Amino acid sequence: MDIVAVRKDFPTLEHSIAYLDTTASSLTPLSVIEAMDEYYRTYRASVHRGLYSDAERATRAYEDARAKVATFIGASPTEVVFTAGATASSNMLTYALEHSRQWNEGDEIVTTVMEHHAALIPLQQLAKRQKLALRHVPLGPNNALDYDAAHSLIDARTTVVSVMLASNVLGSIQDVQRIARRAHEVGATVIVDATAAVGHLPVDVRALEADFLFFSGHKMCGPTGIGVLYGKEALLADLEPGFFGGGIVEDVTLTEATWTRGVERFEAGSQNVAGAIGLGAAVEYLTAIGLPEIHEHVRGLTAYAQHALSEVEGVQLFSAPPEHNVGVVSFTLEGVHPHDIAEIAGRNGVAIRAGHHCALPLHHALRVPATARASIYLYNTEEDIDRLVHSVKEVKELFGATTAI
Amino acid sequence: MTDIYQAHILDHAQHPRNKGTLANPDVSIKGRNPSCGDTLVLELSFLNGTITDVAFDGIGCAISQAAASILSERLRGMTTADAAKLQADDMYQLLGIPITDSREKCALLALRTLHDALGAETGAPKNV
């Protein structure tokens, strides 16, 4: 991978920011911006509606994007629903499942303590409404999932199992296939939150044995406001729509409506056409560079960052080993709140995130109120990490100076 | 350089005054900063409409901790009526540092918790 060439693809980097906040949102390459720009400038039209050439071109571009995304995750285009993002996917899926199935009191949902709020809370709400038990796979040694516990938690009462492929705090990559196999043994439906993983690792929905899988576009070089919900074709066919409106109906009377077949049933209303086109361009961009190359680059920098940060006295790392990590290095510095680290880093042009990263239960399990998080992607360099470490040392000096008084 | 981390802020953050709990508080109320998970417990004792004792506990960034410490010093001996009138601008003045939008919630956590305790308004929109 030619890092110099890659960095030129990202206009944001021109103002010399050390951008280490990809897990919040990645930067956008020119090819994605240009693909959306072209749509807005030259064939701006709604999809699946107009009979004029721009509308037909927009529809083709939108469906091409769906096909690209499908190939990217090993799915068929008939299994890829465009949404507004991972949170929308998760909420819509939970709603759709709730209204497509018979739930019995005492049925169980199994998820994990490391889930993002976007995956966890819709399930909490579902469990409350339907009087289901919500169970959580705990952490085992080295903050990995406790797979033995998962195996025994998932049993005949389990109807849904939800697990994140990569942690947005620890960077760790979960053995989703192992969880999915156990879930399918007991007839449960498997939901995978792949938001932190897609764009970092080759993701194959069949290899993972996922029934449903979702992610956002904006953490994988795509634009904001677009995401994906994958569902196995046979399962999507039995699913009620999660949102209602135009474009999803076969027939409508004053009191009733019936739904179209296929993924359009889940895309009510005018769609985010530019977003989908941008996401398709992001998939092309990442594929051209190569996910194995990207992961190797990220792995090297993750190892570099873990080593450099661990050399600073008082730093505690919460970060999976580099080879099983999507480039997330969370840490604390003794005696200093992570917000103060992020503030001082920010003043030095180093973008990191501080807080609980929408994973409060995980922070409770890690027994820290908050962490500072550096997240690494294809455009980062050792210099970015050096600037971060320099800032951490500066924080330490600033806060250490008064402690000594 | 980092103008918000002035010596008095760091001093209050690292050596907070009135940190801990009261034996028999008249009110003990929890404040939260939802965006970062910071928590604050503020305890007050009253006598004839005057705050006679104050303590706080919790976890947060230097700004939120310093704000709680500085505010706690200000509150002792103050009437509850006057304390209820303290506004966001008063808190900024007590802190004596420029507060940007992103640190507003940190700076005002203690004041908002105080106002929750007294049933008063902070004079700045909540959850901004």
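Everything numeric here is computed off the predicted structure, so don't read it as measured data. Here is how names work: the chains are called A, B, and so on, in the same order as the sequence lines, proteins then strands, and each is numbered from 1.
- B/A55 meets the side chain to side chain contact (heavy atoms under 4.5 Å, CB included) test with B/L22; sequence neighbours excluded.
- A 6.0 Å sphere centred on NE2 of A/H117 holds more than 12 heavy atoms belonging to other residues, nucleotides or ligands.
- Taking both residues in full, the closest heavy atoms of B/R103 and A/H339 are given as NH1-O, 3.7 Å, listed atom of the first, atom of the second, then distance.
- A donor atom on one side chain and an acceptor atom on the other are found under 3.5 Å apart for B/D38 and A/H337.
- Applying the side chain to side chain donor-acceptor pair (under 3.5 Å) rule to B/T113 yields no partners; only residues at least two apart in sequence or on another chain are considered.
- Residues passing the salt bridge (charged side-chain N to carboxylate O under 4.0 Å, His left out) test with B/D82, sequence neighbours excluded: B/K85.
- Residue A/E334 places its CD atom among 12 or fewer non-hydrogen atoms of other residues, nucleotides or ligands, all under 6.0 Å distant.
- Using a 4.5 Å heavy-atom cut-off against chain A, the contacting residues of residues 61-76 of chain B are B/C61, B/A62, B/I63.
- Annotation for B/K19: atom NZ counts as buried by contact number, over 12 foreign heavy atoms lying within 6.0 Å.
- We find the OH-CD distance between B/Y5 and A/E394 to be 10.5 Å, quoted to the nearest 0.5 Å.
- In this structure, B/I9 CD1 and A/D340 CG are separated by 10.5 Å, a value rounded to the nearest 0.5 Å.
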